[in-house]
Amino acid sequence: MPELPEVEVTRLSFAHRIAGAKVLQVQLGKPLRWPLGVAPEELLGQQVLGVRRRGKYLLLDLDRGLLLMHLGMSGSLSFASEQPLPGPHDHFDLLTTLGCLRLHDPRRFGAVVFARQEQAPQAQKLLGHLGVEPLGDGFALAPFAEALKQRRAPIKQVLLAGDVVVGVGNIYASEALFLAGIRPTTRSERLGRLRVERLHAAVRSVLARAVQAGGSTLRDFSNADGQSGHFQLEAQVYGRAGQACRRCDSLIKMIRQGQRSTFYCPNCQKN
DNA sequence: AGGGTGACCTGTCGGC
DNA sequence: TGCCGACAGGTCACCC
């Protein structure tokens, strides 16, 4: 479910409501990808100062540390004034004076990890290698071009790797490459100035529009209010193998790259 | 150090 | 209807 836009939409939906809350209780379900890394009692009484996002991580700033939350493949957060009855896939509840923040995650690829500070090794192990924020000022064309020139892997996989630019997941990678008119299999280093420029703009605009639309093009995403995306953004290529390209009517193709599906239009995306 | 692979876990869907 | 394999929005540890 969650790429950068979904994570950001989630953040926007509850950050203002949880700010200032004090932690009353922590309830854990089945194990997530990593252990919390601290005794839950350690969190009690701490105040939630705010919620930031770094890549696909949400950072819950507390007065004596921070919680790094990741939604994995199937996670979603909800924030409700009363604690709802926990279901079989609810694996983390943070009960606070202002409401209950809950991580629901059937596949349990998500995680909640505590660190005393952002620079602590537990946090840096997860955040340290991340690339620039695509929606921030740091996403400049020249360094992006420079980074892409250093890589020999197919451009789709460089985007997914997240060490050049963060937040682009499997859906938006295909979508951005379509927008830029670039074949996903093209080696990163072989992209010329013009294509890099188009890709830079495409990554930005695809992600920004998805945030504005309230989440992804896909069906089961909902923010922490329980509201689903507006579905205003139709996928151009993702999930459309065998269907007609919306721009040129050619048939959309699906291939496998690094065990993930990639979709593209063979006519609109020639190298 | 970059690149390729397997691993983690559960649910759903299509085909036989 | 039932079973089985393929696949799903992420990313880490591991090997070369």
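All chains are named by letter (A, B, ...) in the order of the sequence lines, taking the proteins before the strands, and each is independently numbered beginning at 1.
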Show each protein N/O and nucleotides 1-5 of chain B N/O combination with a separation under 3.5 Å, one pair to a line.
from  : atom 1 : to     : atom 2 : distance (Å)
B:dG3 : OP1    : A:R152 : N      : 2.6
B:dG3 : OP1    : A:A153 : N      : 3.0
B:dG3 : OP2    : A:R151 : NH1    : 2.7

**Q.** Value in whole Å for how far the C1' atom of C:dT11 lies from NZ of A:K125
**A.** 11 Å
Q. Whole Å only: how far is the CD atom of A:E8 from the C1' atom of C:dG9?
A. 17 Å
Q.
When you measure from the side chain of A:S188 to the backbone of A:L148, do you find a donor-acceptor pair of N or O atoms at a distance under 3.5 Å?
A. yes
Q: Determine the interatomic distance between P on C:dA6 and the same-named atom on B:dG6; round to the nearest Å.
A: 14 Å
Q) Under 4.0 Å between a side-chain N or O of A:H89 and OP1 or OP2 of B:dG11? A) yes
Q: Round to the nearest Å and state the distance from A:F263 atom CZ to C:dC7 atom P.
A: 11 Å
**Q.** N or O in side chain of A:S261 less than 4.0 angstrom from C:dA8 OP1/OP2
**A.** yes
Q. Which residues satisfy the ring-ring contact (aromatic ring centres under 6.0 Å, His included) test with A:F263, sequence neighbours excluded?
A. A:Y238
Q) When the distance from NZ of A:K30 to C1' of B:dG11 is rounded to whole Å, what number comes out? A) 12 Å
Q.
Stem list for DNA chain B, please, built from Watson-Crick and G-U wobble pairs under 3.5 Å and keeping only runs of at least 3.
A. B:2-8 with C:10-16, B:10-16 with C:2-8
(Q) Under 6.0 Å from the ring centre and within 45 degrees of the ring axis: does the NZ or CZ of A:R247 meet both conditions for the six-membered ring of A:F178? (A) yes
Q.
Please check: side-chain N/O of A:R240 versus main-chain N/O of A:Q236, any donor-acceptor pairing under 3.5 Å?
A. yes
Q: Look at the side chain of A:S174 and the backbone N and O of A:I171, then say whether any donor-acceptor pair between them is shorter than 3.5 Å.
A: no
Q. Do any N or O atoms from the side chain of A:H104 and from the backbone of A:S76 form a donor-acceptor pair under 3.5 angstrom?
A. no
Q | Closest to the A:W34 side chain, choosing from C:dC12, C:dG9, C:dT11 | A | C:dC12
(Q) Using the P atom as the point on both nucleotides, what is the distance between C:dC7 and B:dT5, in whole Å? (A) 16 Å
Q: Starting from C1' on C:dA6, measure out to CZ on A:R260 and report it in whole angstrom.
A: 15 Å
Q. Would you say C:dT11 has OP1 or OP2 under 4.0 Å from some side-chain N or O of A:H70?
A. yes
Q. Would you say A:K56 reaches C:dT11's phosphate, i.e. side-chain N/O to OP1/OP2 under 4.0 Å?
A. yes
**Q.** Partners passing side-chain contact (heavy atoms from CB on, under 4.5 Å) against A:Q150 (at least two apart in sequence or in another chain)
**A.** A:E146
Q) Taking CG from A:L58 and P from C:dG10, how many angstroms apart are they, rounded to a whole number? A) 14 Å
(Q) Testing the basics here: between A:E118 and A:A123, what is the closest heavy-atom pair and its distance to 0.1 Å? (A) O-CB, 3.3 Å
Q. Rounded to whole angstroms, how far apart are NE2 on A:H129 and P on C:dG10?
A. 14 Å
Q. Quick one: ring-ring contact (aromatic ring centres under 6.0 Å, His included) partners of A:F79, sequence neighbours excluded?
A. none
Q. Just by distance, do the side chain of A:R198 and the backbone of A:A180 share a donor-acceptor pair under 3.5 Å?
A. yes
Q: Specify the separation, in whole Å, of atom CZ of A:R54 and atom C1' of C:dT11.
A: 15 Å
Q. Is the shortest side-chain N/O distance from A:Y238 to OP1 or OP2 of C:dG9 below 4.0 Å?
A. yes
Q) Between the side chain of A:Q47 and the main-chain N/O of A:G20, is any donor-acceptor distance below 3.5 Å? A) yes
Q: List in numerical order all residues of residues 103-120 of chain A for which some heavy atom is under 4.0 Å away from an atom belonging to DNA chain B.
A: A:P106, A:R107, A:R108, A:F109
(Q) Taking B:dC9 as the reference, what is the distance to C:dC3 when you measure between their P atoms (whole Å, please)? (A) 24 Å
Q.
So does A:H89 get a backbone contact from the side chain of A:D105, meaning a donor-acceptor N/O pair under 3.5 Å?
A. no
